[in-house]
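What follows is a single structure, written as structure tokens, with notes after it.
Chain letters run A, B, ... following the sequence lines, proteins first, then strands; residues in each count from 1.
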Amino acid sequence: MTSHLDVEELDVNYDDHRVLQQISFSLEPGQIGCMLGPSGCGKTTVLRAIAGFEPPVNGRILIDDVEVSSKLYCLPTEKRNIGMVFQDYALFPHLSAAENIRFGLRGWKPKQQQARVNELLAMIGMPAYGQAFPHQLSGGQQQRVALARAMAPQPGILLMDEPFSNMDVELREQLAREVRDILKQENITAILVTHDQYEAFAMADQICVINEGGIVQQDSGYNLYHQPANRFVADFIGQGVIIPAEVTGEFTVKTELGVISGDTPIDSDIGDTVDILIRPDDVVHDDDSKETAVVVEKAFRGADFLYFLRIDSGSEILCLAPSHHDHRVNERIGIRLNVDHLVVFDRV
Amino acid sequence: MLDRLWQPGIVLIALILAIPIFTVAGFLFQPSEDIWQHLLDTVLIDYISNSLLLMVGVGLGTFSIGVTCAWLTSVCQFPGKRVFVWALLLPLAMPAYIIAYTYTGMFDFAGPVQTAIREWTGWGYGDYFFPEIRSIGGAIAMFSFVLFPYVYLLARAAFLDQSVCVIEVSRTLGCNLWASFYRVALPLARPAIVAGMSLALMETLADYGTVSYFGIGVFTTGIFRTWFGLGDSAAAAKLAAILLLFVFTLVLVERASRRKAQYHHATNRYQQLPQYQLTGMKAWIACFACLMPLLFGFILPAVQLGFWAVDTYAEMVDESFVRLTLHTILLGLSASVLAVLLALLLAYGKRVIASKPVIASVRIVATGYAIPGTVVAVGVIIPFAWLDNTIDSFMREQFDISTGLILSGSLFAVMFAYMVRFLAVSIQSVEAGLGKIKPSMDEAARSLGYKPSHILLKVHLPLMKGSVLTALLIVFVDVMKELPATLILRPFNFNTLAVRAFELASDERLADSSTAALMIVAAGLIPVILLSKSISVSRAGS
């Protein structure tokens, strides 16, 4: 049943205002994609366009190689065989959990309906809650019922609009992993929209980072962190600082912190001035190191300390150190650079 | 096709329903005539000063009763409090004109109270002072007794809405319960209280039954007198236009206060308000303060009506009374069904189309609730009569047939006036119901394979059922209570219970009017009980 999705050079307008431009990506059957970006970047509009709620002004959307949206034609939502989980869940308050799940199963035989409802209730771990009404359920339970309702008719593609945004932070990642397991088990093609990178990392095979209506990078979570395509992605995903550097060789640059080598060739001429990205995990705390920096500020993170350090040239960098290395502010501590992936940006 | 007709249809409905307002407002700018000059020289000053006096009196009355009861029932514990919370709404079921007859019957010279005083003391006429019920002061009391629940309802909601914190903070800053009330709670609730008072004052201005029975010269009675006494429709319409100015001022005040009230939300977190246990004398004073308005606004008149009805019903309930009741119910039912159908058309249009003309149309229609029945009647009858005369003369010229009056003096005119006045009520209720259906629910149903028409049946209908029934009920009861517009527009020989009660009372047959009055009160109780139920179980934020 699972489908594959192609979005080709999609443009969408609200009134006369362009909110999406040139969005292109594909998902293979069973893949989980994610639209990640700050609020107002247009990521939800991508989802609504795929669902058929927003017609495109240019480009097209294909589900299993059948064109469902284009400038000229928009297949009604109810004929697209998609499922959707809404940010506010949109459970029907007059129907019980089981009736909500059964809602999309019109045309099934009653026995099959009952079996499917039971199967889904079991899958979401709520077999005893079929008769409960939405207002009697907790936020997490409502969320699971909404997911089960969307999955019940075995949609080709499942669309999820910020499905975890109303949850506690701890619950969020746990649910994200649970939902991923369920989707993988049922081999469902799915798209998640979120502004939370950890949610995206926990769920998605492929992440599109969206900013101002366009895709700025499409990659795995690991690559987004370690090889951000531009400053926006570098800033939006994870923490870090940008410091100036001079290119000294095919793989090396010289910085205030000394010479740094990467594992891929640098796309600039020797002698050029560039900016490089230093992540907190690139800076290793080492009491024996000759290189030192002064602690400006520190944040306790449980297992780690995040230190804000000032190096002798005056620049500030971040350093992630195990939390048994508890140093005071203004103390001078030893550091060592351990950069695997050298991220280089042109100077602006 | 349907979609393309929807928007112009809504605009057309709004324009047609706005005809009476525009007609009346238009008379403001008509050149003056003799009779108008006469009114200006003689009674207009009285109308204005009496209206202002009534407004000040009723404003003070509803404010003091409403706010006191609201504060006591929101933060204090005293004997009977749980009953008062809902029972203080009961006076809403009592039309002012009905308690006016009842109290006149009880307290005027020949009534049981004064008779008892005379028998007990041996005094005669003029030997003692007794306040005259049929006076401006009496009218202020009548209106205050039945209209204070508007202030009570909104003020109480505002008090409950306030965060516990602001009250507790004020106490940590050294205010006692009384000081926290007037320095913190009252200023925070002010927009809500002003909104409630504006509603009460709109009802006061719209009243015809009470002021006419008490013989007080205000705009509504003036309009009747000018139209039917002096036979001058233009001058009557001009009076109506001035009344409309008063009303629109109140509408503006009310809307502005409601907008303000949104910003007076202190927090989104709620917890049970602290309940101050009153003891001893204080507890009994609180109980007394809540009991008095309930007693005078509902219990006393209801009991009196009951006694009269027991005495007279055998004589009063005959075939014509049954027919009258049936007429009233049929009229109420058809008006409420029509109002709800139009409300659905408009409210759905606003949700689906949401264009500026549609939103403006719904807004215009929603103003109707403020317009006094007398003004609506004047605004209906003038264009209808013009239309009738035009058709009649056209038919006579062309076909030599006189069609006479087709529209004016027909049930159609009555129904039209009800729509102008009560459509707003049903729209409000229907919109509240629609508000509960989030747009994402429509989208969820579509993503689960439902066509829009099926969504209406499977999602909207079950969720809207409650608010549609409420709308039907409220319009039905409003029509049952409606007096001035029905009185003016009804076809010859057609009566409703309200008109019948008014006629009997005007003929000084107070006891005879009680059966009809009691039926109106009984019908009015149904929505009030529903309202009380909903406020006693629900609380903002929970």
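- Residue pairs that meet the side-chain hydrogen bond (donor to acceptor under 3.5 Å, both in side chains) test with at least one member in residues 351-365 of chain B, sequence neighbours left out, are B:Gln7-B:Ser355, B:Arg351-B:Asp442.
- Around the NZ atom of A:Lys184, the shell of radius 6.0 Å holds more than 12 heavy atoms that belong to other residues, nucleotides or ligands.
- With contacts defined as side-chain heavy-atom distances shorter than 4.5 Å, the pair B:Pro452/A:Glu78 qualifies.
- In B:Lys81, the NZ atom is crowded: over 12 heavy atoms of neighbouring residues, nucleotides or ligands sit closer than 6.0 Å.
- When all heavy atoms are compared, the tightest approach of B:Tyr450 to A:Phe103 is OH-O, 2.5 Å.
- For residues 46-63 of chain A, the interface with chain B (any heavy-atom pair closer than 4.5 Å) comprises A:Arg48, A:Phe53, sorted by residue number.
- Within a 6.0 Å sphere centred on CD of B:Gln428, other residues, nucleotides and ligands contribute 12 heavy atoms or fewer.
- Only the side chain of B:Lys438 comes within contact range of chain A, with at least one heavy atom under 4.5 Å from a heavy atom of that chain.
- The part of A:Ala150 that comes within reach of chain B is its backbone (N, CA, C, O), which places non-hydrogen atoms under 4.5 angstrom from that chain.
- Here the side chains of B:Leu448 and A:Arg149 are in contact, with some heavy-atom distance below 4.5 Å.
- B:Lys436 does not touch chain A: none of its heavy atoms, backbone or side chain, sits under 4.5 Å away.
- Heavy-atom distances place the side chain of B:His454, and not its backbone, under 4.5 Å from chain A.
- Shown here is B:Arg82, whose CZ atom has no more than 12 heavy atoms of other residues, nucleotides or ligands within 6.0 Å.
- Crowding of A:Phe25 atom CZ: a count of heavy atoms from other residues, nucleotides or ligands under 6.0 Å exceeding 12.
- The interface of residues 462-474 of chain B with chain A, defined by heavy-atom distances below 4.5 Å, comprises B:Pro462, B:Leu463.
- To the nearest 0.5 angstrom, B:Glu443 atom CD is 11.5 Å from A:Leu159 atom CG.
- At a heavy-atom separation below 4.5 angstrom, chain B is approached by A:Asp88, A:Ala90, A:Leu91, A:Phe92, A:Pro93, A:His94 within residues 87-97 of chain A.
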